[in-house]
Amino acid sequence: MRLWSFLILLTLLPLLPLTGMAQPSAVKKAAKSMFKLTTFDANGNLLHTGYGAFVDANGTCLATWEAFIGASKANIIDAQGRKYDVECLIGANEIYNVSKFKVTVPAEKKMAITPIAIAQTKIEAGAESWLIEYDIKNPVIKKYQPSKVESFQNDLPYYIYEQTASDELAGSPFLNNNGELLGLMQPAKKRTDLYCPSAQYAMSMTVSGFTSKQATMRLTQMRVALPDDFDQAVVALYMNQGNKGNDNILGMSDEFISKFPTASEGYNSKAIYLSGKGLFAEAAKVMEEGIEKCEKKDEPHFDYSKIIFNKLLYSNDSTFTNWTLDKAIAEADAAMSVNPLPVYNLHKGKILYTAKRYDEAYKIFLDVTKTNMRSAECFYNASLCLQANNAEKEKVIEMLDSAVAFFPQPYKIDAAPYFMIRGKYLDDNGMYRKAVADYNEYEKLMGNMVNDNFFYLKEQAELKAKLYQPALDDIDKAIALAPKEQLYYAEKAMLQVRVNKIDEGMATAQLCMTRFPDYGDGHAVYGLAQILKGKKKEGMATLEKAKELGSEMAKPLMEKYAK
């Protein structure tokens, strides 16, 4: 070989992995910790593949993150060909393309897992390291030497190799001569270098109550593990509850029950999920188990009562008859017999109201107002009981007054619903000016959050209270918010005619007829205005047209002015 050819070959050697070199026995042994990761979408279709390694005998693993993006299910096959299902994610980082997760390991397989040790000291640039390429029979082990060692995440080593490897090997482990895991191989986007962030970083990832809501975790459908800390686990559980499409809540609930078998939260979460799926008998068994095992018996009894009550309120199912209002009351009573908390009593009052036992419910709501659970809601609920029993209006208003009085002045937005409730009751019972006063306060508190329906409701009360100018102002506001609502134009036109603004009423009615030519009430108001302007013949013809278009006000107007 000529000298110049030999020199060219030497310059190329550092760019190629060294094979056929003597491999430390520790590296060969550590190759047994490697696995192949396969992920699937919600329909079971193959999504991604990658590689990684076991880091403990309990099934904790490190692998690439990108394989989990969009995944609903995943499994791994270890170096001996054994298959394990991925149970949950513990942590992930999109930037460094690394994930930490746990697989389900049956007791008989734990002894078969060969976990890899994590390198605690870095190697220097140019030092030996080994990349393992997965194969069940004969894993390929190649020698690589980092050209640079940089720092990241609190001075952890970040290895850069000016060598190449297939992108399909992403997640394959880099080991030092002691067979310890330096990190997982990350192919560079420019395809000329390989990266290897320290495995210590991936090992440091832990789960908190909010991990499942992190932006990275929202890229996958895989379940996130529960924290070992009880309070954080409760946060995680409730952060994921309530979404009917989130089937991961079942696995989270089971994990919670496994970790905290005497706490009610896991049983409650699982039963809520099952009940939401219509599996009421299974939900009942879960809650009965919770009542048996929980230390604080009142909590599962209360939870069970709420689940039963919600099913009776919101489910159309009529086949599962074991859950009744009486059963819900009995569970609430059982909770109170252990710990007579006002919240349990308030819940019982709501069940009694639904059962139409209004006198009993009313008494409970008043009793709760004498406790630390006193609230505007209690007084409102008491008013509903009085209304259901056809009590005197003064008593109902007294309860509604108490609901409003619960809030300190100056009023804030949380008081707004109770002004609306009281205003509507006053409106429905002929006390229009008082109703308008409450509507005005509601509008002030709600600001620009009120809609066209509110202004129409308020305009109607003002009209009955003979507050004509405020009524005109409010119907204008309704039109501004809903310019395509034909009713509002006819209402404004009629109001203008009523206050003897005949020309303005005709103009508004004509606008209504132009925009909504098939809306009979617009024609009816226009016909009335014509008659009042002395054009009876034309007006009667317009009313006839309105009648043909289905206007209910047209016929009585025709009868009135036919004389």
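Along the sequence shown, the residues carry numbers beginning at 1.
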| Expected output: side-chain Lys36 to main-chain Ile76 donor-acceptor under 3.5 Å | no

| Is there a side-chain contact between Lys293 and Thr262, using heavy atoms and a 4.5 Å cut-off? | no

| query | Is the side chain of Ser172 donor-acceptor paired with the backbone N or O of Leu169 at a distance under 3.5 Å, no angle test? | reply | yes

| query | In this structure, are over 12 heavy atoms from other groups packed under 6.0 Å from Asn45 atom CG? | reply | yes

| message | I want to check something: taking the side chain as every heavy atom from C-beta on, are Tyr304 and Glu288 in contact at a cut-off of under 4.5 Å? | response | yes

| request: List the steps and the verdict of salt bridge (charged side-chain N to carboxylate O under 4.0 Å, His left out) for Asp452 and Lys484. | output: CA-CA 11 Å; Asp452 59 294; Lys484 295 182 179 180; over 6 Å; no

| task | Before giving the answer on side chain to side chain contact (heavy atoms under 4.5 Å, CB included), spell out for Leu175 and Leu181 the whole-Å C-alpha distance, their side-chain angles and the decisive distance to 0.1 Å. | result | CA-CA 5 Å; Leu175 310 181; Leu181 181 63; 4.0 Å; yes

| Option from Phe454, Phe455, Tyr418, Tyr411 for which ring pair (Phe, Tyr, Trp, His ring centres under 6.0 Å) with Tyr442 holds | Phe454

| Rounded to the nearest 0.5 Å, how far does CE of Met203 lie from CD of Gln120? | 8.5 Å

| request: Would you check if Trp65 and Thr216 make a side-chain contact, meaning some heavy-atom pair closer than 4.5 Å? | output: yes

| Side-chain (Thr60) to main-chain (Lys100) donor-acceptor, under 3.5 angstrom | no

| task | Taking Thr220 for its side chain and Met217 for its backbone only, find out whether a donor-acceptor pair lies under 3.5 Å. | result | no

| Do Tyr144 and Tyr159 touch side chain to side chain, with heavy atoms closer than 4.5 Å? | no

| task | Look only at the side chain of Gln232 and the backbone of Ser208, and say whether a donor-acceptor pair between them is shorter than 3.5 Å. | result | no

| Are Arg223 and Glu255 within salt-bridge range, i.e. N to O under 4.0 Å? | yes

| request: Keeping the roles fixed (side chain from Asn268, backbone from Ser264), state whether a donor-acceptor pair exists under 3.5 Å. | output: no

| Is Glu133 reaching over with its side chain to a backbone N or O of Val140, donor-acceptor style, under 3.5 angstrom? | no

| field | Partner of Phe174 by ring pair (Phe, Tyr, Trp, His ring centres under 6.0 Å), out of Tyr161, Trp130, Tyr51 | value | Tyr161

| Can you check whether Tyr201 and Tyr96 have ring centres sitting under 6.0 Å from each other? | yes

| Any Met336 side-chain heavy atom under 4.5 Å of Asp298 side chain | no

| message | Tell me whether Lys285 is salt-bridged to Glu289, with the criterion being a basic N under 4.0 Å from an acidic carboxylate O. | response | no

| query | Hey, is Asp56 close enough to Lys102 for a salt bridge, meaning N to O under 4.0 Å? | reply | no

| query | So which of Lys327, His347, Lys348 actually passes side-chain hydrogen bond (donor to acceptor under 3.5 Å, both in side chains) with Ser305? | reply | His347

| Taking side chain as C-beta onward, heavy atoms only, is Pro146 less than 4.5 Å from Ser129? | yes

| query | Stepwise, does the side chain to side chain donor-acceptor pair (under 3.5 Å) test hold for Asp85 with Thr104? | reply | CA-CA 6 Å; Asp85 291 325; Thr104 302; over 6 Å; no

| said: For Phe419 and Ile421: C-alpha separation, side-chain torsions, deciding distance, then whether side chain to side chain contact (heavy atoms under 4.5 Å, CB included) applies. | reply: CA-CA 5 Å; Phe419 279 101; Ile421 290 167; over 6 Å; no

| Within 6.0 angstrom of Lys73 NZ, more than 12 heavy atoms from elsewhere | no

| Counting only heavy atoms not in Asp254, do more than 12 fall under 6.0 Å of its CG? | yes

| Quick one: do the Tyr273 and Asp247 side chains pair a donor with an acceptor below 3.5 Å? | yes

| Would Trp323 and Ser315 satisfy side chain to side chain contact (heavy atoms under 4.5 Å, CB included), going step by step from the backbone distance to the final call? | CA-CA 12 Å; Trp323 287 355; Ser315 173; over 6 Å; no

| query | Just wondering, do Phe280 and Asp317 contact through their side chains at under 4.5 Å, heavy atoms? | reply | yes

| field | Cation over ring face, Lys350 and Phe309, 6.0 Å, 45° | value | no

| said: Please tell me whether Phe68 and Phe101 form a close aromatic pair, meaning their ring centres lie under 6.0 Å apart. | reply: yes

| Sidechain-backbone polar pair: Gln186 side chain, Asn97 backbone, donor-acceptor under 3.5 Å | yes

| query | Backbone N or O of Ile95 within a donor-acceptor pair of the Asn93 side chain at under 3.5 Å? | reply | yes

| note | Taken to the nearest 0.5 Å, the spacing of His301 NE2 from Lys306 NZ works out to 14.5 Å

| Going through the distances and angles, do Phe302 and Val343 end up as a side chain to side chain contact (heavy atoms under 4.5 Å, CB included)? | CA-CA 9 Å; Phe302 177 52; Val343 66; 4.3 Å; yes

| said: Quick check on Gln153: does its CD atom have over 12 non-hydrogen neighbours (other residues, nucleotides or ligands) under 6.0 Å away? | reply: yes

| task | Using a 4.5 Å cut-off on heavy atoms from C-beta on, say whether the side chain of Ile116 contacts that of Glu180. | result | no

| Are any side-chain N or O atoms of Thr49 and backbone N or O atoms of Leu37, one a donor and one an acceptor, separated by less than 3.5 Å? | no

